[in-house]
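Working notes, structure below.
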Amino acid sequence: MAIIKVVCGIIFKGDLVLICRRKPEKSLGGYWEFPGGKVEGTESYEDSLTRELIEELNLEVEIKQHFFNTVHHYEKITIELISFICETENIATKSTDHDKLEWVEVSDLLNWKLAPADIPIAKELIEEFKG
């Protein structure tokens with residue numbers, strides 16, 4: 001089974017990070033995630049993330065650095081989730097793929113019903129911010 005490459009942005013505004021809740025009718029509906037999407041064709045990860053965030057959230061970000069990769073096996077697919085630390089001066093207010101957006105403290109991330117692939121990234125982020 002091929003691994004689907006998916007990028008996500010850990011988007012900071014000050015000390016808060018953006019998480020988005022998937023619409024109920026989508027796969028993993030009701031789960032929270034870091035926004036992003038599938039890498040298409042020969043796109044670089046950064047180009048893919050930039051495109052996805054503009055398409056989904058109309059949000060321009062500055063990609064600061066690669067953060068963490070994780071592979072997760074769902075029932076029918078396997079994804080490699082590639083995360084990047086990003087910053088923005090803008091506020092996302094609506095999404096094409098999500099029904100709710102929240103800016104939360106890093107230390108609170110595991111209190112949300114995160115999508116399984118996003119949990120290792122959240123745990124790594126919390127560890128990183130303890131120091």
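Sequential numbering from 1 along the given sequence is applied to the chain's residues.
- Residues Val17 and Phe34 have side chains in contact (heavy-atom distance under 4.5 Å, counting atoms from C-beta outward).
- Between Ala117 and Leu81, the shortest heavy-atom distance links the atoms O-CD2, 3.5 Å.
- Under the 4.5 Å side-chain contact rule for hydrophobic residues, Leu59 and Ile19 do not share a cluster.
- For Glu43, the side-chain contact (heavy atoms from CB on, under 4.5 Å) partners two or more places apart in sequence, or in a different chain, are Val39, Glu40, Ser48, Arg51.
- Hydrophobic clustering (side-chain heavy atoms under 4.5 Å, transitive across Ile, Leu, Val, Met, Phe, Trp, Tyr) groups Ile4 together with Phe68.
- Atoms CH2 and NZ, from Trp32 and Lys100 in turn, are 5.5 Å apart once rounded to the nearest 0.5 Å.
- Considering only heavy atoms from C-beta on, Thr50 stays 4.5 Å or farther from Val61 through its side chain.
- Side-chain contact check for Asp15 versus Val106: every heavy-atom pair is 4.5 Å or farther apart.
- The structure places CD1 of Ile121 at 9.0 Å from CD1 of Ile82, a figure rounded to the nearest 0.5 Å.
- No more than 12 heavy atoms of other residues, nucleotides or ligands lie within 6.0 Å of CG in Asn58, so this atom counts as exposed by the packing criterion.
- Between Phe12 and Phe129, the ring centre distance stays below 6.0 Å.
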Criterion side chain to side chain contact (heavy atoms under 4.5 Å, CB included) on Leu28 and Tyr74, from CA distance to verdict: CA-CA 10 Å; Leu28 296 174; Tyr74 287 102; 3.6 Å; yes
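- Residue Ile3 holds its CD1 atom at 6.5 Å from NZ of Lys5, rounded to the nearest 0.5 Å.
- Within 6.0 Å of the CD atom in Glu46, the count of heavy atoms belonging to other residues, nucleotides or ligands exceeds 12.
- Environment of CD in Glu25: crowded, with over 12 heavy atoms of neighbouring residues, nucleotides or ligands closer than 6.0 Å.
- Atom OG of Ser95 and atom CG of Leu101 lie 6.0 Å apart (nearest 0.5 Å).
- Applying the 6.0 Å contact sphere to NZ of Lys23 captures more than 12 heavy atoms from other residues, nucleotides or ligands.
- The CD atom of Glu33 sits 4.5 Å away from atom CZ of Arg22, with the distance rounded to the nearest 0.5 Å.
- Note on residues 101-115: no pairs pass side-chain hydrogen bond (donor to acceptor under 3.5 Å, both in side chains), not counting sequence neighbours.
- Taking all atoms of both residues into account, the shortest heavy-atom contact from Pro35 to Leu57 is CB-CD1, 3.6 Å.
- In the hydrophobic cluster analysis, where Ile, Leu, Val, Met, Phe, Trp and Tyr join through side-chain heavy atoms closer than 4.5 angstrom, Val7 is grouped apart from Ile85.
- Residues Leu49 and Ile10 are members of separate hydrophobic clusters, defined by side-chain heavy-atom contacts under 4.5 angstrom among Ile, Leu, Val, Met, Phe, Trp and Tyr.
- For Asn69 against Ser83, the heavy-atom pair with the smallest separation is OD1-N, 4.2 Å.
- Looking only at side-chain heavy atoms (C-beta outward), Lys13 and Leu18 stay at 4.5 Å or farther from each other.
- Residue Thr88 comes nearest to Glu60 through the heavy atom pair OG1-O, 3.0 Å, listed as atom of the first residue, atom of the second, then distance.
- Within a 6.0 Å sphere centred on CZ of Phe67, other residues, nucleotides and ligands contribute more than 12 heavy atoms.
- Separation of atoms CD (Glu80) and OH (Tyr45) is listed at 5.5 Å; rounding is to 0.5 Å.
- Exactly one of Asn90, Leu16, Leu53 qualifies for a side chain to side chain contact (heavy atoms under 4.5 Å, CB included) with Ile11. That residue is Leu53.
- Under the 4.5 Å side-chain criterion, counting only non-hydrogen atoms from C-beta, Cys8 is not in contact with Glu52.
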